[in-house]
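Some notes on the structure that comes next.
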Amino acid sequence: MPGKNNPSLKDPELYEELRDDGASKQKAARISNAAANKGRSAVGRKGGKAGDYDDWTVPQLKAKAKEIGLTGYSAKKKSELISALRNS
């Protein structure tokens with residue numbers, strides 16, 4: 001279990017749980033560390049400010065992908081962009 005050996009992870013058990021559910025390493029680390037710092041219930045309430053990606057235009061989705069550092073987004077369809085943003 002790589003999460004157990006990583007000293008930068010604050011909640012390795014949650015990290016492994018998220019990885020088993022299919023979250024990327026970066027996303028699992030971000031969520032597990034936030035949960036350790038603020039409490040799991042506080043992290044669960046976080047969010048909901050960006051709106052639904054389905055309501056965004058393709059240029060808006062591409063701008064968001066660029067902002068968060070995704071690559072290969074320029075040739076993606078709207079549904080592919082939404083999937084990439086949700087899983088980043």
Side-chain angles (χ1 to χ4, degrees):
M1 293 175 82
K4 297 261 186 210
N5 299 328
N6 189 339
S8 66
L9 290 175
K10 309 298 184 233
D11 190 343
E13 289 79 23
L14 179 58
Y15 172 84
E16 290 300 330
E17 203 174 300
L18 292 165
R19 290 289 291 142
D20 290 342
D21 287 341
S24 69
K25 290 178 182 179
Q26 180 184 16
K27 185 175 184 178
R30 185 173 60 240
I31 293 170
S32 67
N33 287 344
N37 288 336
K38 298 178 184 174
R40 289 186 183 193
S41 62
V43 172
R45 287 189 303 268
K46 187 176 178 182
K49 298 174 188 167
D52 191 8
Y53 283 139
D54 292 321
D55 297 334
W56 291 27
T57 64
V58 172
Q60 289 172 318
L61 292 168
K62 287 182 179 181
K64 183 65 173 179
K66 182 177 182 179
E67 179 185 320
I68 64 173
L70 293 180
T71 58
Y73 58 84
S74 62
K76 292 186 186 277
K77 297 177 190 175
K78 183 173 182 174
S79 61
E80 295 169 330
L81 282 167
I82 291 170
S83 178
L85 288 167
R86 286 184 177 153
N87 295 314
S88 66

For residues 81-88, dump all side-chain donor-acceptor pairs below 3.5 Å to protein atoms at least two apart in sequence or in another chain.
| unit_1 | atom_1 | unit_2 | atom_2 | d |
| --- | --- | --- | --- | --- |
| Ser83 | OG | Asn87 | ND2 | 3.4 |
| Arg86 | NH2 | Asp52 | OD1 | 3.2 |
| Asn87 | ND2 | Ser83 | O | 2.9 |
| Ser88 | OG | Leu85 | O | 3.0 |

Determine all donor-acceptor pairs shorter than 3.5 Å in which one atom belongs to a side chain in residues 57-67; sequence neighbours excluded.
| unit_1 | atom_1 | unit_2 | atom_2 | d |
| --- | --- | --- | --- | --- |
| Thr57 | OG1 | Gln60 | N | 3.3 |
| Thr57 | OG1 | Gln60 | OE1 | 3.2 |
| Gln60 | OE1 | Thr57 | N | 2.7 |
| Lys62 | NZ | Ser74 | O | 3.0 |

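Listed by chain and number, the residues in a side-chain hydrogen bond (donor to acceptor under 3.5 Å, both in side chains) with Ser24 amount to none (sequence neighbours excluded). Every residue two or more places apart in sequence or in another chain that forms a side chain to side chain contact (heavy atoms under 4.5 Å, CB included) with Ala29 is listed here: Leu9, Tyr15.
Residues in residues 20-36 take part in no salt bridge (Lys or Arg N to Asp or Glu O under 4.0 Å) pair, two or more places apart or across chains.
Note that the NZ atom of Lys78 and the CH2 atom of Trp56 stand 11.0 Å from one another [nearest 0.5 Å].
Of the possible polar contacts, one joining the Asn33 side chain to the Lys10 backbone as a donor-acceptor pair under 3.5 Å is found.
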